[in-house]
Amino acid sequence: MVLMAVSASAITVVSLRGPGWDEDSDVAGAAATTSGEGWKPQELNKMNKVLDLIEQRYLLPISRGTLLDGALQGMMEALGDPYSTYMTEEEASKFTDTVQGAFTGIGADLKIDNGSVVVVSPIKGSPADRAGLQPRDVLLTVNGDSLQGMTLGEAVAKIRGPKGTKAKLKVLRPGVNAPIELELVRDRIDLETVHGQIDKDGIGRLSINQFTFDTPKQFETELKALEEQGLKSLVIDVRNNPGGVLQAALLVAQTFVPEGKPLMYYEYRDGQKKPELSGGNEDGSKAYPIFVLVNKGSASAAEVLAGALKQSAGAVLVGETTYGKGVVQSSYDEELGDGSLVKLTISKWLLPDGTWIGKKGIEPDVPVTQPAYFLATKLPRDHELKLDSTGGEIENLQQILKGVGFPADREDGYFSKDTETAVKSFQRQHELGITGIVDEKTAEKLEATLYEQTLQNPDADTQWQAALRKAREKLGIAS
């Protein structure tokens, strides 16, 4: 529900009402035709009877406000849609703060799917990202408390906490038999959603972590800076970008899409389709080639941007098939009148060519996967890993050793003599006790080295390197 208290961006893809951000009136208006009659007398009578029974017979005292919130949450849950939610006044306030660009948490966008808390995407550089949380991971417990069957708001309340405190998660990962245990330290997520850089060949890179109200302005500023430095080709990186404010993504897209060309289409439940057309940009279409980096954590508004640039601006997509969130939500607060909010799925969204990507995603033009150690998770702290140990924790260790330049003889989850030798070599280089055993200090150093030396190293990022090669080929620059 108030997933932004935990996550780094909203999964809703239409903007909240706010200064300078008027929601397209046709979007909400075309979503459905309603009677506006409210509950019928017999329906309202049934609800009142249940309320009377609770107030007169229920064992424990409970407020009417709590019951009302519960009834509204139940209505939204009955839709069977993980993206439609009801938020109390407190939760709505936190949600609004988030899309404005201010929030704290673990940095993972979440949803409820069949009663389970599921990760849509971790945010790059966040505690969730550093711990190795992956899209479609199922969060089973936090600090020993089960999350199964909770609403998203209830799960968020469990996962949230003050900056610097720990969230110990038990995670079920598709394709992995045993649950994974991760320990995250809660932190304030970087409010800057766009980061730019340019190399000596004039190839620029703009990374967008999420879409908030501030993102278009940040993007414009960073892009202008790159152009002033002689930009010749642009790579837009939306990997592990879970989306956010749709309006923001559309404004970024129309920087490159000529006026009048479609950015996307809305499709409502009556089959009506409405195009979202580009307003173009002040100085016409950009002359330089554009590439977009995507992966399975690129979702919702990030997919809108990638699809619009691919089909209406000739951009080349590099990386992995995207998440596949093909529906649009609109947020309603004024209608409720008490500070609470309903976020409701009102339409599908389609690519400019009319394709719906729901649960399928967008396939890249240049498929590139990352090395397995990019998916490595945190090592255990409550027990040691040593010779003759077996299991997923050892397999994870072997991937980390490979990623930090000390590969073992195997990657199958058996702690062999050669794995022990690799651990000793790592310990020797980093002036740790040379035991061949992965204790807490060795685990911390392995993780820090992997993150700083490899995961943050552009030379080790195979998807970025592929985009760089394609940009150089386009510019006729020898690699």
Side-chain angles (χ1 to χ4, degrees), residues 106-108 122-134 163-171 173 176 178 180-190 195 197 239-240 369-465:
I106 64 171
I123 299 300
K124 185 177 180 180
S126 68
D129 180 42
R130 292 178 66 106
L133 211 59
Q134 298 293 321
K163 176 181 177 180
T165 59
K166 294 180 179 179
K168 296 181 179 180
L169 301 176
K170 183 173 285 187
V171 177
R173 176 163 296 167
V176 178
I180 301 167
E181 295 189 358
L182 304 176
E183 184 175 283
L184 290 72
V185 178
R186 301 176 177 102
D187 199 0
R188 183 173 178 83
I189 309 302
D190 186 1
H195 303 272
Q197 62 188 75
R239 291 176 297 175
N240 289 338
T369 57
Q370 297 282 46
Y373 48 75
F374 271 76
L375 303 178
T377 59
K378 289 180 73 69
L379 294 164
R381 300 295 196 271
D382 57 351
H383 61 277
E384 298 175 337
L385 304 181
K386 59 183 70 175
L387 184 65
D388 291 331
S389 301
T390 59
E393 292 177 337
I394 308 303
E395 186 177 350
N396 183 56
L397 166 65
Q398 289 165 336
Q399 288 299 333
I400 293 176
L401 286 168
K402 184 177 180 180
V404 298
F406 293 88
D409 62 333
R410 56 202 302 164
E411 301 175 10
D412 60 357
Y414 172 66
F415 201 124
S416 62
K417 285 293 295 183
D418 193 76
T419 301
E420 183 183 58
T421 299
V423 172
K424 286 181 177 179
S425 297
F426 177 85
Q427 290 171 329
R428 182 177 297 108
Q429 184 180 92
H430 294 275
E431 299 180 350
L432 300 167
I434 306 172
T435 63
I437 297 172
V438 181
D439 57 10
E440 184 173 355
K441 286 187 177 180
T442 300
E444 289 175 353
K445 193 62 179 179
L446 279 165
E447 292 168 358
T449 303
L450 178 69
Y451 188 80
E452 296 164 7
Q453 175 182 302
T454 305
L455 303 187
Q456 295 299 298
N457 179 5
D459 293 338
D461 185 341
T462 56
Q463 293 172 341
W464 161 245
Q465 290 300 318

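All values derive from a computational prediction rather than experimental measurement.
Applying the salt bridge (charged side-chain N to carboxylate O under 4.0 Å, His left out) test to Lys378 and every residue at least two apart in sequence or in another chain returns Glu447. By the side-chain hydrogen bond (donor to acceptor under 3.5 Å, both in side chains) test, Asp129 pairs with no residue at all, sequence neighbours left out. Under the rule for a side-chain hydrogen bond (donor to acceptor under 3.5 Å, both in side chains), Glu181 has no partner lying at least two apart in sequence or in another chain. Applying the side-chain hydrogen bond (donor to acceptor under 3.5 Å, both in side chains) test to Glu183 and every residue at least two apart in sequence or in another chain returns Lys166. Under the rule for a side-chain contact (heavy atoms from CB on, under 4.5 Å), the partners of Arg186 that lie at least two apart in sequence or sit in another chain are Ile106, Asn143, Thr165, Ala167. The side-chain contact (heavy atoms from CB on, under 4.5 Å) search around Gln463 returns Arg239, Leu293, Glu320, Val368, Gln370, Asp461, not counting sequence neighbours. The side-chain contact (heavy atoms from CB on, under 4.5 Å) test applied to Glu444 returns Arg381, Glu440, not counting sequence neighbours. For Lys417, the salt bridge (charged side-chain N to carboxylate O under 4.0 Å, His left out) partners two or more places apart in sequence, or in a different chain, are Glu420. Residues that satisfy the side-chain hydrogen bond (donor to acceptor under 3.5 Å, both in side chains) test with Gln465, not counting sequence neighbours, are absent from this structure. With sequence neighbours left out, Asp439 forms a salt bridge (charged side-chain N to carboxylate O under 4.0 Å, His left out) with no residue at all.
A heavy-atom distance below 4.5 Å is found between the side chains of Pro122 and Asn240. A heavy-atom distance below 4.5 Å is found between the side chains of Leu455 and Phe374.
The stretch residues 393-432 participates, sequence neighbours left out, in these ring pair (Phe, Tyr, Trp, His ring centres under 6.0 Å) pairs: Phe406-Phe426, Phe426-His430. Applying the salt bridge (Lys or Arg N to Asp or Glu O under 4.0 Å) test to residues at least two apart or on different chains, the pairs with a partner in residues 399-412 are Lys402-Glu411, Arg410-Asp412.
Partner of Ile180 under the side-chain contact (heavy atoms from CB on, under 4.5 Å) criterion, out of Lys170, Glu393, Arg173: Arg173 alone.
In terms of heavy-atom proximity, Asp418 sits nearest to Pro407 at OD2-O, 4.2 Å. The shortest heavy-atom contact between Leu375 and Gln134 is CD2-OE1, 3.1 Å. Nearest heavy atom pair, residue Val404 against residue Leu446, reads CG1-O, 3.9 Å. Scanning both residues, Thr454 and Ala460, for their nearest heavy atoms gives O-CB, 3.5 Å. Scanning both residues, Ile394 and Gly413, for their nearest heavy atoms gives CB-O, 3.4 Å. Here the shortest heavy-atom pairing between Ser126 and Gly107 reads OG-O, 3.1 Å.
Put simply, NZ on Lys424 and CD1 on Ile434 are 8.5 Å apart, with the number rounded to the nearest 0.5 Å. Separating the OG1 atom in Thr449 from the CD atom in Gln429 is a distance of 8.0 Å, to the nearest 0.5 Å. If you take NZ on Lys445 and CG on Leu432, they are separated by 7.5 Å, rounding to the nearest 0.5 Å. Atom CG of Leu182 and atom CZ of Arg130 lie 14.0 Å apart (nearest 0.5 Å). The structure places CG of Leu387 at 8.0 Å from OG of Ser416, a figure rounded to the nearest 0.5 Å. Asn396 CG to Thr377 OG1: the interatomic distance, rounded to the nearest 0.5 Å, is 3.5 Å.
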Side chain to side chain contact (heavy atoms under 4.5 Å, CB included) assessment of Ile437 paired with Thr442 | CA-CA 8 Å; Ile437 297 172; Thr442 300; over 6 Å; no
Evaluation steps, side chain to side chain contact (heavy atoms under 4.5 Å, CB included), between Thr462 and Thr369 = CA-CA 7 Å; Thr462 56; Thr369 57; over 6 Å; no
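Side chain of Gln398 to main chain of Ala408: no donor-acceptor pair is present (N/O by atom type, distance under 3.5 Å, no hydrogens or angles).
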